[in-house]
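See below for the structure under consideration.
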Amino acid sequence: MDFEFSEDQRALQAAAQAFAAAELTPFSAQWDRESHFPVDTLRRAASLGFAGIYLSEDVGGAGLSRLDASIIFEALAYGDVASTAYLTIHNMAAWMIDRFGDADLRARYLPRLTTMELVASYCLTEPGAGSDAAALTTTAVRDDEVYVLNGSKAFISGGGTSDLYVVMARTGGPGAGGVSAFVVEAGTPGLSFGARERKMGWNAQPTAQVNFDGVRVPASNRIGAEGEGFRFAMMGLDGGRLNIASCSLGGAALALDTAQAYLAERRQFGRPLRDFQALQFKLADMATELEAARLMVRRAAAALDAGRPDATKLCAMAKRFATDAGFHVANEALQLHGGYGYLADYPLERIARDLRVHQILEGTNEIMRVIIAREMFR
């Protein structure tokens, strides 16, 4: 068991940290305040290989591991959680096409996805089917060489902005076995979007409902065979959960560092706050939780890379623990700042807002417990 990074992993981490320091950190507060989606910045990240981290090299991907991706996303999220989280979703959507699409589909889309010439969204959740994802009602009915899609998807990151939408829709009977996956291009007649959602956090990326009204999609845009879409979506979410957990690590690390610096500088009752044992203990617990979460995420990533049979359970465990711990660390860091933590002049309130949704998306942490328990009783 080796906990040390390889030389290549250290180089990846350093590159991501340098990019975050130069391209994300200076603008994070402004993007949040103005609800600005920094696509140009994300494209510069793509030039470093960060838009196709674990995609195949033959289509422009970096061909790296899930552990490598976790290291990169943690470093980027230290600079800005919301835009990094969007980058993880783009990677997940592109991976589904790479892993399960045929040669034509891969060639048509992946070289432009890895550069982020095209930006992608992942469309599974529906207004009436959130945690019960297999109950989705969006339909895709075959009509000769096209499928006709009808229905709606909710809470879609990139909705109304992305160029491609990886959509799970029902082609067969009820349940998971009746779901297929499709690539839908922006601008297709019948594809429309709701208003941009007003959110607690993640303001540096747009979220909107995606609607399908007689949207005709070529059969060649189906990913894999009919009835395989739900399985693909769940496999994508194993990695997606690690990615979002890694973003929680990055945001929480910034919160912890900010709190530690504040305790060293701020004086009360004639001495620095760092001299008060109660505050030392609080900081020590925050650091311990963050390190435990980091180890869980990296172990799960290694399991997913190795194709271990318990990878799904470990990914769910890591997502549940790391996103809970990440929000707790950010919230405690805010508390340590007192009234200053509540001000936008400090990053704590933004980090807390951005990390809160990580306990909900990619499967709520309650659903993570369902998955863990189910896998334990197999």
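Below, all heavy atoms of this structure are taken into account, side chains as well, without hydrogens, waters or symmetry copies.
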Practice problem: Take Leu348 and Thr258 through the test side chain to side chain contact (heavy atoms under 4.5 Å, CB included) and record every step on the way to the result. | Solution: CA-CA 8 Å; Leu348 283 313; Thr258 303; 3.6 Å; yes
Self-check item: side chain to side chain contact (heavy atoms under 4.5 Å, CB included) between Leu105 and Val183, intermediate numbers included
Solution: CA-CA 9 Å; Leu105 199 65; Val183 179; 4.2 Å; yes
Exercise. Just do the side-chain hydrogen bond (donor to acceptor under 3.5 Å, both in side chains) check on Arg271 and Gln268 with the steps written out, would you?
Key: CA-CA 6 Å; Arg271 53 186 175 142; Gln268 290 286 275; over 6 Å; no
Quiz item: Is there a path from Val215 to Val210 through hydrophobic residues (I, L, V, M, F, W, Y) whose side chains come within less than 4.5 Å of each other?
Solution: yes
Quiz item: Can you say whether the rings of Phe232 and Phe100 are parallel (under 30°), tilted (30 to 60°) or perpendicular (over 60°)?
Solution: parallel
Quiz prompt | Single-linkage hydrophobic cluster Leu42~Leu110, side-chain heavy atoms < 4.5 angstrom | solution = yes
Exercise. May I ask you to decide if Ile367's main-chain N or O and Thr364's side chain share a donor-acceptor pair within less than 3.5 Å?
Key: yes
Quiz prompt | Aromatic ring proximity His358/Trp202, centre distance under 6.0 Å | solution = yes
Quiz item: So do the side chains of Ile72 and Leu64 get within less than 4.5 Å of each other, counting heavy atoms only?
Solution: yes
Practice problem: Determine, for Phe19 and Arg44, whether the Lys NZ or Arg CZ falls below 6.0 Å from the six-membered ring centre while staying within 45 degrees of the axis. | Solution: no
Practice problem: Report yes if the side chains of Glu228 and Val179 come closer than 4.5 Å at any heavy-atom pair, otherwise no. | Solution: no
Exercise. Using the rule that two of Ile, Leu, Val, Met, Phe, Trp, Tyr join whenever any of their side-chain heavy atoms come within less than 4.5 Å, decide whether Leu256 and Leu24 are in one cluster.
Key: no
Quiz item: Do you see a donor-acceptor pair shorter than 3.5 Å between the side chains of Thr138 and Glu126?
Solution: yes
Quiz item: Do the charged groups of Arg222 and Asp102 touch, with an N to O distance under 4.0 Å?
Solution: no
Quiz item: About how many Å separate CD1 of Ile89 and SG of Cys247, when rounded to the nearest 0.5 Å?
Solution: 8.5 Å
Exercise. Give the ring-plane orientation class for Tyr262 versus Tyr346, where under 30° counts as parallel, over 60° as perpendicular and anything between as tilted.
Key: perpendicular
Quiz item: Strictly under 6.0 Å, is that where the ring centroids of Phe182 and Phe212 end up?
Solution: no
Quiz prompt | Polar side-chain atom of Thr171 near backbone of Glu226 as donor-acceptor pair, under 3.5 Å | solution = no
Practice problem: Step by step, work out the side chain to side chain contact (heavy atoms under 4.5 Å, CB included) result for Ser248 and Lys319. | Solution: CA-CA 9 Å; Ser248 287; Lys319 191 270 182 184; over 6 Å; no
Exercise. Check the surroundings of atom CD in Glu291: do more than 12 heavy atoms from other residues, nucleotides or ligands lie under 6.0 Å from it?
Key: yes
Exercise. State whether the number of non-hydrogen atoms from other residues, nucleotides or ligands found under 6.0 Å of Arg299 atom CZ is greater than 12.
Key: no
Exercise. Quickly, which of Thr207, Val357, Asp354 forms a side-chain contact (heavy atoms from CB on, under 4.5 Å) with Lys199? Name it, please.
Key: Thr207
Practice problem: Would you check, one step at a time, whether the test side-chain hydrogen bond (donor to acceptor under 3.5 Å, both in side chains) holds for Asp98 with Tyr54? | Solution: CA-CA 10 Å; Asp98 184 32; Tyr54 39 83; over 6 Å; no
Quiz item: Is any NZ, NE, NH1 or NH2 atom of the basic residue among Arg241 and Glu362 found under 4.0 Å from an Asp or Glu carboxylate oxygen of the other?
Solution: no
Practice problem: Run the salt-bridge test on Arg378 and Glu375 with the 4.0 Å N-O cut-off and return the result as yes or no. | Solution: yes
Self-check item: Worked check of side-chain hydrogen bond (donor to acceptor under 3.5 Å, both in side chains) between Asp68 and Ser65
Solution: CA-CA 5 Å; Asp68 297 332; Ser65 70; 3.0 Å; yes
Quiz item: Is Thr84 close to Tyr78 at the side-chain level, that is, under 4.5 Å between some pair of heavy atoms?
Solution: no
Quiz item: Rounded to the nearest 0.5 Å, what separation is found between the CZ atom of Phe27 and the OG1 atom of Thr25?
Solution: 10.0 Å
Self-check item: Short side-chain donor-acceptor distance under 3.5 Å, Asn365 and Asp324
Solution: yes
Self-check item: side chain to side chain contact (heavy atoms under 4.5 Å, CB included) assessment of Tyr147 paired with Asn221
Solution: CA-CA 9 Å; Tyr147 284 87; Asn221 277 31; over 6 Å; no
Quiz item: So, the side chain of Arg170 versus the backbone of Ala134: is there a donor-acceptor pair under 3.5 Å, distance only?
Solution: yes
Self-check item: Under 3.5 Å: donor-acceptor pair, side chain of Asp32, backbone of Ser28
Solution: no
Quiz item: Around Met200, counting heavy atoms of other residues, nucleotides and ligands shown, do more than 12 lie under 6.0 Å from its CE?
Solution: yes
Quiz item: Is the CD atom of Gln260 crowded by more than 12 outside heavy atoms at less than 6.0 Å?
Solution: no
Quiz item: Okay, side chain of Ser70, backbone of Ser246: is any donor-acceptor separation there less than 3.5 Å?
Solution: no
Quiz item: Are Leu136 and Lys153 side-chain neighbours, meaning at least one heavy-atom pair lies under 4.5 Å?
Solution: yes
Exercise. Using a 4.5 Å cut-off on heavy atoms from C-beta on, say whether the side chain of Leu12 contacts that of Gln17.
Key: no
Exercise. Please check if Leu48 and Leu76 belong to a single hydrophobic cluster, counting links between Ile, Leu, Val, Met, Phe, Trp and Tyr side chain heavy atoms closer than 4.5 Å.
Key: yes
Self-check item: Criterion side-chain contact (heavy atoms from CB on, under 4.5 Å) against Ser83, the qualifying member of Val81, Leu87, Asp80
Solution: Asp80
Self-check item: Gap separating the CG atom of Asn203 from the NE2 atom of His36, nearest 0.5 angstrom
Solution: 13.0 Å
Quiz item: Would the Phe37 and Tyr86 ring centres measure less than 6.0 Å apart?
Solution: yes
Quiz item: Is Arg112 salt-bridged to Asp163, going by a charged N under 4.0 Å from an acidic O?
Solution: no
Exercise. Give a yes or no on whether the backbone of Gly270 and the side-chain of Arg267 come within a donor-acceptor separation of less than 3.5 Å.
Key: yes
Self-check item: Gln9 side-chain N/O to Ser6 backbone N/O, donor-acceptor pair under 3.5 Å
Solution: yes
Quiz item: From Leu237 CG over to Ile371 CD1, what is the distance, rounded to the nearest 0.5 angstrom?
Solution: 8.0 Å
Quiz item: Rounded to the nearest 0.5 Å, how far apart are CD of Gln335 and NE2 of His328?
Solution: 10.0 Å
Quiz item: Heavy atoms, side chains only, cut-off 4.5 Å: are Arg198 and Ser35 in contact?
Solution: no
Exercise. Output all residues satisfying ring-ring contact (aromatic ring centres under 6.0 Å, His included) with Phe155, sequence neighbours left out; order by chain, then residue number.
Key: none
Quiz item: Under 6.0 Å from the OH atom of Tyr342, do we count more than 12 heavy atoms belonging to anything else shown?
Solution: no
Quiz item: Just how far is it from atom NE2 of His90 to atom CG of Leu164, taken to the nearest 0.5 Å?
Solution: 9.0 Å
Quiz prompt | Glu265/Arg274 ion pair, N-O < 4.0 Å | solution = no
Exercise. Give a yes or no on whether a salt bridge exists between Glu74 and Arg298, defined as a side-chain N under 4.0 angstrom from a carboxylate O.
Key: yes
Exercise. Output, in order, the C-alpha distance, side-chain angles, deciding distance and verdict of salt bridge (charged side-chain N to carboxylate O under 4.0 Å, His left out) for Arg66 and Asp238.
Key: CA-CA 10 Å; Arg66 299 297 182 138; Asp238 279 344; over 6 Å; no
Quiz item: Can Leu314 be reached from Met92 by stepping across I, L, V, M, F, W or Y side chains whose heavy atoms are under 4.5 Å apart?
Solution: no
